[in-house]
Amino acid sequence: MNFIEELRWRGMLQDYTPGIEEFLNTHQPVRGYIGFDPTATSLHVGNLATIMLLVHFQRSGHKPYVLIGGATGMIGDPSGKSVERQMLDKATIERNQQAIADQLRRFLDFDSGENKAEMINNYTWLKDLSLLEFLRQVGKHITVNYMIAKESVKKRLESGISFTEFSYQLLQGYDFYYLFKHHNVRLQMGGADQWGNITTGTELIRRKLAVERGLAPLEDNFSEEVFALTTPLLTKSDGTKFGKSESGNIWLDPRLTSPYQFYQFWLNTTDQDAPRLVRVFTLFDKEKIQALEAEHAAAPHLRILQKALAEDVTIRVHGREAYQKAVQASAILFGNHPTEEINRIDEATLLAVFEGVPQIAIPRQALQNGIVDFLSIVTDYRIFPSKSEARKMLQGGGVSINKMKVTETSQLNNFSLLQNRYLIVQKGKKNYYLVRLLD
RNA sequence: GGGGAGAUUCCAGAGUGGCCAAAUGGGACGGACUGUAAAUCCGUUGUCGUAAGACUUCGAAGGUUCGAAUCCUUCUCUCCCCA
């Protein structure tokens with residue numbers, strides 16, 4: 001199956017410039033790229049969708065280029081942003097680009113075949129481009145009228161946009177031109193929000209080529225030479241943003257989002273969203289997905305689709321071992337385990353399960369305190385910030401210790417300690433704290 | 001330049017002298033149900049406090065009053081209409 005067809009049935013095709021399908025079919029391998037700006041120390045699941053574009057691109061025989069936006073990250077993309085961004089300092093950007101480059105290397109084959117992936121950083125060519133050169137080589141070809149017609153800029157004309165961010169599309173456009181010239185890159189891909197930036201690139205290439213070939217722009221037939229393609233921005237059926245949990249972004253970095261939380265994120269996908277997400281984030285083929293959906297429909301409570309999705313994505317991002325631990329932790333935290341059974345877990349496993357969960361150490365004699373004090377002042381206000389809040393939650397039935405509901409009148413002494421020194425405190429359904437007693 | 005409307009608790013939006021920590025809806029959080037889903041239902045939602053209550057809120061600063069989100073003055077900002 002060719003690249004475009006693959007994206008189409010997966011619902012990953014938003015927009016593309018004409019002629020692309022034929023070009024991809026008749027040229028093999030075609031070189032295509034996606035840019036990632038180092039604006040954070042890690043990529044998140046939103047980026048994963050565009051990474052999958054590159055994965056499919058490579059699997060269908062083409063040659064993916066991963067562009068690290070070392071230079072563009074210094075400028076700030078106004079797309080989808082309602083206010084000017086904070087500029088990042090160079091040290092931060094350097095750290096970030098190192099981190100996201102390491103992450104990106106895991107998803108593509110950079111080692112073998114004529115279509116092995118390449119990684120490049122636009123800082124290497126943009127750093128030496130002088131202002132004058134830029135204005136003459138790039139700025140001259142694109143009108144301000146054209147630039148402010150772009151959605152990303154138009155939205156900001158009222159509230160304000162700096163010249164720096166306004167220029168962003170030109171830099172990105174120049175990247176495309178540069179890659180076309182020096183690496184014969186023909187296609188730029190990205191999320192739907194990047195359409196404007198990408199087409200600035202195709203437009204710039206068209207105009208520059210016209211000049212280089214001594215033609216008037218309208219006589220050209222260069223539109224057949226470079227292409228743009230975007231994938232829809234993912235949304236959730238309830239209208240909220242995809243890729244966020246109550247605790248914020250879902251990151252690929254295990255230090256920011258533990259593999260357990262990552263696994264849970266996918267596992268908690270609603271029935272409504274799961275079919276779309278399986279198509280985007282796994283490489284399962286059509287038959288396999290249809291089979292999974294049928295299985296799921298037959299026994300929805302088993303959440304076949306969610307489990308398959310969570311397994312596939314967690315393994316791709318964090319590896320099999322981390323996935324297995326996440327499953328094990330989930331089984332313990334959400335399974336119907338009576339206290340005795342939890343008590344049988346050995347200490348090493350217990351600590352592994354609660355990795356990434358806040359751990360609070362208190363003196364053993366502090367157990368003499370009442371439950372409200374225990375949940376607030378004794379645990380240094382880390383479980384509840386005040387006695388009132390602890391009490392409110394207790395009254396609402398939202399607190400468990402060792403998986404047993406507690407009330408204001410519960411006696412701490414009645415709880416058997418796990419491994420003779422741990423208590424599992426649960427606030428609501430999904431917030432855990434491991435309290436360790438010090439002798 | 002002229003005329004008008006407004007600024008309320010996370011958001012939207014009632015309230016026009018005491019019954020206002022402030023209706024209602026949304027969101028958030030918790031519970032029940034369930035499948036760690038969705039929908040539904042119930043509870044909580046300024047802070048602290050076992051409670052009684054205390055303290056801080058209704059754009060900002062002053063003032064009137066026993067008492068102000070509500071009345072007066074000034075200021076700041078937002079929106080609309082006409083020119």
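Lettering of chains follows the sequences in order, A, B, ..., and the numbering in each one begins at 1. Just so we're clear, the structure is a prediction, and the values are computed from it rather than from any experiment.
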(Q) Taking the ring centre of each residue, are A:Y33 and A:F176 less than 6.0 Å apart? (A) yes
Q. So does A:D109 pair up with A:K116, basic N to acidic O under 4.0 Å?
A. no
(Q) So A:K405, base contact, sugar-phosphate only, or nothing? Heavy-atom distance under 4.0 Å. (A) sugar-phosphate
**Q.** Output field: ring centroids A:W251/A:F262 closer than 6.0 Å
**A.** no
Q | Residue closer to the 5' end of RNA chain B, A:G397 versus A:E408 (nearest nucleotide) | A | A:G397
Q.
What verdict does the salt bridge (Lys or Arg N to Asp or Glu O under 4.0 Å) test give for A:R382 and A:D380, after you've listed the backbone C-alpha separation in whole Å, the side-chain angles of each residue and the deciding distance to 0.1 Å?
A. CA-CA 5 Å; A:R382 285 172 63 193; A:D380 206 20; 5.8 Å; no
Q) Which pair of heavy atoms, one from A:T200 and one from A:K150, lies closest together, and at what distance? A) OG1-CE, 3.1 Å
Give me, pair by pair, the N or O atoms of the protein and of nucleotides 34-36 of chain B that are less than 3.5 Å apart, along with how far apart they are.
{"from": "B:rG35", "atom 1": "O4'", "to": "A:H301", "atom 2": "O", "distance (Å)": "3.4"}
{"from": "B:rG35", "atom 1": "O6", "to": "A:D271", "atom 2": "OD2", "distance (Å)": "3.0"}
{"from": "B:rG35", "atom 1": "N1", "to": "A:D271", "atom 2": "OD1", "distance (Å)": "3.1"}
{"from": "B:rG35", "atom 1": "N1", "to": "A:D271", "atom 2": "OD2", "distance (Å)": "2.8"}
{"from": "B:rG35", "atom 1": "N2", "to": "A:D271", "atom 2": "OD1", "distance (Å)": "2.8"}
{"from": "B:rG35", "atom 1": "N2", "to": "A:Q306", "atom 2": "NE2", "distance (Å)": "3.4"}
{"from": "B:rU36", "atom 1": "O2'", "to": "A:N268", "atom 2": "OD1", "distance (Å)": "2.6"}
{"from": "B:rU36", "atom 1": "O2", "to": "A:Q264", "atom 2": "OE1", "distance (Å)": "2.8"}
{"from": "B:rU36", "atom 1": "O2", "to": "A:N268", "atom 2": "OD1", "distance (Å)": "3.4"}
{"from": "B:rU36", "atom 1": "N3", "to": "A:Q264", "atom 2": "OE1", "distance (Å)": "3.0"}
{"from": "B:rU36", "atom 1": "N3", "to": "A:Q264", "atom 2": "NE2", "distance (Å)": "3.0"}
{"from": "B:rU36", "atom 1": "O4", "to": "A:Q264", "atom 2": "NE2", "distance (Å)": "3.2"}

Taking N or O atoms only and anything under 3.5 Å, show me the protein contacts with nucleotides 47-49 of chain B, one pair per line.
{"from": "B:rC48", "atom 1": "OP1", "to": "A:S386", "atom 2": "OG", "distance (Å)": "2.9"}
{"from": "B:rG49", "atom 1": "OP2", "to": "A:K387", "atom 2": "N", "distance (Å)": "3.3"}
{"from": "B:rG49", "atom 1": "OP2", "to": "A:S388", "atom 2": "N", "distance (Å)": "2.8"}
{"from": "B:rG49", "atom 1": "OP2", "to": "A:S388", "atom 2": "OG", "distance (Å)": "2.5"}
{"from": "B:rG49", "atom 1": "N7", "to": "A:S388", "atom 2": "OG", "distance (Å)": "3.1"}

**Q.** Criterion side chain to side chain donor-acceptor pair (under 3.5 Å) against A:Q306, the qualifying member of A:N268, A:D271, A:D273
**A.** A:D271
Q. Does the side chain of A:Q172 pick up a donor-acceptor pair with the side chain of A:N122 at under 3.5 Å?
A. no
(Q) Please tell me if A:N431 has a side-chain N or O lying less than 4.0 Å from either OP1 or OP2 of B:rG30. (A) yes
Q. Is there a side-chain contact (heavy atoms from CB on, under 4.5 Å) between A:Y260 and A:V357 once you walk through the steps?
A. CA-CA 10 Å; A:Y260 164 74; A:V357 161; 5.8 Å; no
